[in-house]
Amino acid sequence: MRSLRPAHRPLFSSPSSTLLFSAAALPPSVPVSREESEDSQDTPLTTTSFTTHGGGGRVARCLDFPLFDRLLKTHHSLRPLQQVHALLATGGLLRHPHLGSQLILAYANLGFLHCSRVVFEEFNGSNSLLWNTMARVYTKNGCSGEAVELYSCMRRGGIPANNYTYPFVLKACAFSPMVSVGKSVHCDVIKTGFESDVFVEAALVDMYSKCGEIPHGRKLFDGMLERDLVSWTAMITAYEQSEKPKESLLLFHQMQEEGFVADRVTSITVASAVAQLGDTRTARSLHGFIIRNSFLADVAVGNAVISMFAKCGDVKLARLVFDAMDERDGISWNSMLSGYAQNGHASEALALFDQMLFSGPEPNPVTLLVVVSACAHLGSLHLARQLHSFVISSNMEVNMMLWNAIMDMYAKCGDLDTAVGLFSVGLDGRRDVNSWNVMISGFGMHGRGREALKLFQDMQEEGVLPNHITFTSLLSACSHAGLIQEGKEAFNDMGSKFMIAPMAKHYVCVVDMLGRAGRLEEARDLIAQMPIGPNDAVWGALLGACRIHGNRELGEFAAKRLFHLEPGHSGYYVLMSNVYAASTKWDEVGKLRDTMKSRGLRKPAAFSVIEIGREVHGFHTADLCHPDHAEIYRKIESLVEEMKVAGYEPDVACVLHDVEEEDKAQILNLHSEKLAVAYGIMKVEAGRPIQVTKNLRICNDCHCAFKFLSQICGRRIVVRDANRFHHFSEGACSCRDYW
DNA sequence: ATAGGGTTAG
């Protein structure tokens, strides 16, 4: 416990000449005589010393209360403030609680809490104002422990706590959080009779909620005789923060029924609740309310609305709000950027980031985190390197999260070596679980399952405890590499050794792993044994396996459940129609196509991207938009002829339409990934690898063709598809045709 | 002379 007696060492080593007479910031009218201050040269500047020395009185006649009040209310830097402090002390005016409190606040505003504390101790009175101010300062600066300690000193010293004291202390308990302290403060509140003060009650409700005891807070809230907007908002926020958006909105409506009108703060909280709910209609109606009350002029409200729309999937509206803002801060930009990223609009995010660099605020680590993950999604290695060097040159403080995101970005943009390099260096030599997770999943998506397993072992040897994400990455790595036995062991260890209950996503990986390996019955049985009910992704994994192995019956079994669980997900219809097409059930293919049409669903268009230098070239199937398309098509034809000589045969089974065989071969040649790779062969410097990113799964025929091409052209071809990377080299693929 | 509720991120 820190002593509350006056500090033995004064704040200033020599209170006389140096400080008082270099007082450039003091108004010229302030008369201070040299003799006055030299009187006190050898005496520490404490309240006691100046009450015994008569000299202070003469100064006090000149330096009166209103002057200091004004002086303290103007913004100072530390030096002038110290001079004001010295003058106050010499004048004995520090004993005036109001001025003491102002001085404490002034120091705190400059971030010099220890100076605030010195003032407080110099004062050393029993006036609650000073104690309250000190507690307020601690709380505001996140020093909850000190605030609570001060409060307990207050109690022991018999200083009466009042209706102002409790909110400060309770806020400190809420911040840290300290329930047991909070509860004892609650007892004091009752003992001292402040339990029906609206301010104190709101603080109590907030404290309990932030300590995770929402029912307790709710009980208090329900028992309140008088509630105001703040207490309602505290309770609404409690539900919002604990991810119970429905309860939050219910309370919001009840509040409105009782005649309260939400203000800006309430709107922000409610917007966040709506964002969690993800319902566009509710979002629009709240937006209307906010507009009617002209709250959008407030940047924070605008920011909350942007992220609300973004989380409801309505990026266009989010952008509209963003564009309409008079004033934007860093959060506005970050919210919009992450809105794009969350909704898969990676290139929009990157374009907006460009604009931010040009005309917006300085990007911070959160900005980069969002942009880096957008780049990872996009798969542009060129951009990845630009972003990385931006981070390095900007001197921003790189945290572990951003560091991990950068490694992930490199892995997803095809440069696993750089990711490994970063990982082995670590961020100031440090790594966390997620660093390991990123690398395990990185190796996994590049088909290097053994190395993923090795990392998993290393991680345990270093004493890093794996989490559920680790196992998702590891199981998916096993699945991609066909390491069935190892995958099954990992899945078993997860529950028994690491006490992590398998979640749906883990089952998805294992079903995928078994299914890919052709063990369809085993996969089906695993689903049947799931303690948690199977979700759509689990059935989707099974259906995907049925597509690979042409199992129509089991496919229908899975599809039936999928169409029921996720009737609006086009991918599942496409998968099932692939199964039908493979067994030439063209009438069934047609029926599924009609179902999709009637539900307004469309198969996402295939799209492949290749970067050449700073240029990005995108291709759709049979694309005629590219300026060089004629040349590209001629190139493909000549390449196909060369490949045929080497033994390539078009895999017409990949064409999922019922057309003539000759046409099928034509269609195959126009696949987006072939266009992109052919263009790469034309334009990328000889010997350099060709890297293509496709939004869907690579097709079988293209996969086969690229193996031949890598041989014929003597260069590496890297394709990132929707699932993983394929590295083609010398006639073989890194996936060893297991994908 | 002093107070309670707030937005972005894996």
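Remember, it's a predicted structure, so these values are computed and weren't measured experimentally. Below, chains carry the letters A, B, ... as their sequence lines are ordered, and counting in each starts from 1. In what follows, every heavy atom counts, from backbone to side chain, and hydrogens, waters and symmetry copies are set aside.
Of the candidate nucleotides B:dG6, B:dG4, B:dA9, B:dA9 has the atom lying nearest to any side-chain atom of A:Leu369. Comparing B:dG5, B:dA9, B:dG6 by their nearest atom to the side chain of A:Lys311 picks out B:dA9. Checking B:dT8, B:dG4, B:dG6 against the side-chain heavy atoms of A:Ala300 singles out B:dG6 as nearest. Nearest nucleotide to the side chain of A:Asn404, out of B:dG10, B:dT7, B:dG5: B:dG10. Comparing B:dT7, B:dG6, B:dA3 by their nearest atom to the side chain of A:Gln241 picks out B:dT7. Side chain of A:His98, nearest nucleotide from B:dA1, B:dG5, B:dA3: B:dA1. For A:Thr269, taking side-chain heavy atoms from C-beta onward, the closest of the listed nucleotides B:dA3, B:dT2, B:dG6 is B:dG6. Considering only the side chain of A:Val370, B:dA9 comes nearest among B:dA9, B:dG4, B:dT7. Listed nucleotides: B:dG4, B:dG5, B:dT2. Nearest to the side chain of A:Ala234: B:dG5.
Residue A:Asn132 is in base contact, counting any heavy-atom pair closer than 4.0 Å across all strands shown.
At B:dG6, one or more side-chain N or O atoms of A:Lys210 fall inside 4.0 Å of OP1 or OP2 (strictly under the cut-off). Within the structure, a side-chain polar atom (N or O) of A:Arg136 is placed less than 4.0 Å from OP1 or OP2 of B:dA3. Using a 4.0 Å cut-off, no side-chain N or O of A:Lys73 falls inside it from OP1 or OP2 of B:dA1.
With rounding to whole Å, A:Leu150 atom CG is found 19 Å from B:dT2 atom P. Distance CD (A:Glu195) to C1' (B:dG4): 17 Å, rounded to an integer number of Å. B:dT2 atom P lies 13 Å from atom NE2 of A:His96, rounded to whole Å.
Among residue pairs with one or both ends in residues 310-324 of chain A, those qualifying as salt bridge (charged side-chain N to carboxylate O under 4.0 Å, His left out) are A:Arg284-A:Asp314, A:Arg319-A:Asp323; sequence neighbours excluded.
Residues passing the ring-ring contact (aromatic ring centres under 6.0 Å, His included) test with A:Tyr410, sequence neighbours excluded: A:His388.
Looking at A:Phe423, A:Phe471, A:Phe456, A:Phe443 one by one, the single match for ring pair (Phe, Tyr, Trp, His ring centres under 6.0 Å) with A:Trp436 turns out to be A:Phe423.
No donor-acceptor contact under 3.5 Å links the side chain of A:Thr237 to the base of B:dG6. One cannot find a donor-acceptor pair under 3.5 Å joining the base of B:dG10 and the side-chain atoms of A:Asp408. Side-chain to base pairing of A:Asn437 with B:dG10: no donor and acceptor N or O lie closer than 3.5 Å to each other.
The aromatic ring centres of A:Phe252 and A:Trp232 sit 6.0 Å or more apart. Aromatic ring centroids of A:Phe353 and A:Trp333 lie 6.0 Å or more apart. A distance of 6.0 Å or more separates the ring centres of A:Tyr166 and A:His186.
Side-chain atoms of A:Ser144 and A:Ser176 include a donor-acceptor pair closer than 3.5 Å.
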Worked check of side chain to side chain contact (heavy atoms under 4.5 Å, CB included) between A:Met401 and A:Asn434: CA-CA 8 Å; A:Met401 242 155 103; A:Asn434 291 314; over 6 Å; no
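An aromatic stack links A:Phe199 and the base of B:dA3, using centre distance under 5.5 Å and interplanar angle under 30°.
DNA chain B lies under 4.0 Å from at least one heavy atom of each of the following residues of residues 327-348 of chain A: A:Ile331, A:Asn334, A:Ser335, A:Ser338, A:Gln342.
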